[in-house]
Undergrad: 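I am attaching a structure below and will ask some questions about it afterwards.
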2 protein chains.
Amino acid sequence: MTATPFPVSEIVATRRPHRKDAARNYDALLAAAREAFAEHGAEASLEDIARRAAVGIGTLYRNFPTRRDLFESVYADEVNALCRAAVELADREPWEALTTWLDGFAGYMVTKRAIREALNDESDIFIACRESMYAAGGPLLERAQKAGVARADMDFGDLLRMVAGITATAFEDDAQRDRVLAIALDGVRTGR
Amino acid sequence: MTATPFPVSEIVATRRPHRKDAARNYDALLAAAREAFAEHGAEASLEDIARRAAVGIGTLYRNFPTRRDLFESVYADEVNALCRAAVELADREPWEALTTWLDGFAGYMVTKRAIREALNDESDIFIACRESMYAAGGPLLERAQKAGVARADMDFGDLLRMVAGITATAFEDDAQRDRVLAIALDGVRTGR
DNA sequence: GTTGAACCGGAGGTGTGCCTCCGCTACAGT
DNA sequence: ACTGTAGCGGAGGCACACCTCCGGTTCAAC
């Protein structure tokens, strides 16, 4: 009874235009947006995004009529990548699989600030993305819990928010971020 | 050899105007700014802040010539409150004292988003505030470490960033936030 | 009560972002 | 090669934020 982990990619793919130049612009916009959202959060300037993509502002609006459309597309892309990553961890040790995936969650999230803001968003697409992500990563936590290496009194949402919060914080350097994340995960681990 | 924990309050107090109406406006601005920064982060609209304080925009600029001046004042206020709280915890059990103070850190920080953005700021006042805060809270961690109830391989900066990150995240409700924070702090605790 | 200095508010100039609209461009199908 | 159409870019109107400036007001000292 596993929900298919990839209901989202199709939504995004559908919107991609057919013509060659149009498709190129579409991709450039997505890349620019990912960058801008990572830098300035969900309210990054749309005109700045168009500039980064070397594309007219009109083109941006044709592809993504609202800021939300653009944001959702970027978000969906990231989620898809994470879902794919989860599948490849099926044969690892439970605890290692979980933390490896969470590292990916922390790293892949170029849209860090934005992702945090979206974690409680209630729109259809975000709900779909969350479900997709839970379907992919949730089993990793469950497996660790059944193996007795992760505490049972927390759910996957708790874990994601913990990691998202810590990764989105400003640290002195990456080493400090990793250290703090490891400490917090120690709180999740049991039977040491 | 304890640094005095209150070098900051004077800086702020000095700027407060003498005249009665002026002082009232000053206070209203600080309160409005605290609220707005909490809601929209460090780039909240200054005109909105003036509106919330029921004060002309000119008055805002007279009291706080730059956005940074205003932000620093709010920040300093919060830090002062935290320093005072630390003193009152001297007679509690080491672990309880630490977590109680961290709860205060998490709660008092109405300027949550802002505080996270400021944790790595390098201006004079922010450095002073950080030192002040470290001077107040740092001993609580050290005491817990010496008592063997907190892990020794982390410093106070690590701890603050961990708590700040988690607190600044969007949760479903306060219960979830508390739960996640407690789990992360379990990672800090030793000898259970 | 008088008075002058401190303080007030908001009009208004400048910049920037949002979004629409439309004349021009270049692709794809024949 | 031709051509119709999907797609392009950016000018421009609107809204809002930043910040300055100054005529009018209010406090407090005498």
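Only heavy atoms go into these numbers, but all of them, side chains included; no hydrogens, no water, no symmetry mates. Each chain gets a letter, A, B and so on, in the order its sequence line appears, and its residues count up from 1.
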Undergrad: Between Tyr26(B) (OH) and dC8(C) (C1'), how many Å, whole number?
TA: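 Atom OH in Tyr26(B) sits about 18 Å away from atom C1' in dC8(C).
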Undergrad: Thinking salt bridges, do Asp186(B) and Arg189(B) make one under a 4.0 Å N-O criterion?
TA: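 Salt bridge between Asp186(B) and Arg189(B), a charged N being under 4.0 Å from a carboxylate O: no.
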Undergrad: Look at the rings of Phe126(A) and Tyr75(A) and say which category their plane angle falls in: under 30° parallel, 30 to 60° tilted, over 60° perpendicular.
TA: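 Phe126(A) and Tyr75(A): tilted rings.
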Undergrad: Does Asp174(B) pair with Arg177(B) as a salt bridge, N-O distance under 4.0 Å?
TA: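 Looking at Asp174(B) and Arg177(B), the cut-off is met.
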Undergrad: For a 4.5 angstrom cut-off between non-hydrogen side-chain atoms, does Arg51(A) reach Ile57(A)?
TA: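 A side-chain contact is absent here, since even the closest heavy-atom pair is not under 4.5 Å.
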Undergrad: Is a salt bridge present between Arg68(A) and Glu72(A), judged by a nitrogen-to-oxygen distance below 4.0 Å?
TA: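 Result for this pair is yes, salt bridge flagged.
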Undergrad: State, to the nearest 10°, the angle formed by the axis through the first five base pairs of the helix from dG1(C)-dC30(D) to dT30(C)-dA1(D) and the axis through its last five.
TA: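 Roughly 30°, once rounded to the nearest ten degrees.
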Undergrad: Write down the atom of Trp101(A), the atom of Leu160(A), and the distance for their closest heavy-atom approach.
TA: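 Looking at all heavy atoms of both residues, the closest pair is CZ3-CD2, 3.9 Å.
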Undergrad: Is any side-chain N of the basic residue among Arg179(B) and Asp153(A) closer than 4.0 Å to the acidic one's carboxylate O?
TA: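 The answer is no: the pair does not qualify as a salt bridge.
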Undergrad: Can you find a side chain N or O atom of Ser45(A) that sits less than 4.0 Å from OP1 or OP2 on dT16(C)?
TA: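 For dT16(C), OP1/OP2 do not have a side-chain N/O of Ser45(A) under 4.0 Å.
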Undergrad: What is the nucleic acid contact for Asp48(B), judged by heavy atoms within less than 4.0 Å: base, sugar-phosphate only, or nothing?
TA: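 Nothing: the residue Asp48(B), judged by heavy atoms under 4.0 Å, touches no strand.
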Undergrad: Please identify each residue that fulfils salt bridge (charged side-chain N to carboxylate O under 4.0 Å, His left out) with Asp91(B), with sequence neighbours left out.
TA: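 Salt bridge (charged side-chain N to carboxylate O under 4.0 Å, His left out) check on Asp91(B) returns nothing, list empty.
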Undergrad: What pair of heavy atoms forms the shortest contact from Tyr26(B) to Ser73(B), and how long is it?
TA: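 Smallest heavy-atom distance, with atoms named: OH-OG, 4.4 Å.
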Undergrad: Among residues 56-67 of chain B, which ones have heavy-atom contacts with DNA chain D below 4.0 Å?
TA: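 DNA chain D contact set from residues 56-67 of chain B: Ile57(B), Tyr61(B), Arg67(B).
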Undergrad: Got a sec: does the CD of Glu96(A) have more than 12 other heavy atoms crowding it under 6.0 Å?
TA: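 Enclosed.
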Undergrad: What string of B, S and - do you get for nucleotides 24-30 of chain C, 5' to 3', when a contact is any protein heavy atom under 4.0 Å?
TA: ---SS--
Undergrad: Salt bridge or not between Arg52(A) and Asp48(A)? Use side-chain N to carboxylate O under 4.0 Å.
TA: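 Here Arg52(A) pairs with Asp48(A) in a salt bridge, since their nearest N and O are under 4.0 Å apart.
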Undergrad: Give me the first and last nucleotide of DNA chain D, going 5' to 3', that has any atom under 4.0 Å from a heavy atom of chain B.
TA: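 Contact boundaries, 5' end first: dA17(D) to dA28(D).
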Undergrad: Going by the rule ring-ring contact (aromatic ring centres under 6.0 Å, His included), which residues pair with Trp95(A) if we only count those two or more places apart in sequence or in a different chain?
TA: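 ring-ring contact (aromatic ring centres under 6.0 Å, His included) check on Trp95(A) returns nothing, list empty.
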Undergrad: In whole angstroms, how far is the P atom of dC18(C) from the CD atom of Glu43(A)?
TA: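 Distance check: Glu43(A) CD to dC18(C) P gives 10 Å.
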Undergrad: Taking the basic N atoms (NZ, or NE/NH1/NH2) and the acidic carboxylate oxygens, is any pair closer than 4.0 Å for Glu78(A) and Arg34(A)?
TA: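 Yes, charged N to carboxylate O under 4.0 Å.
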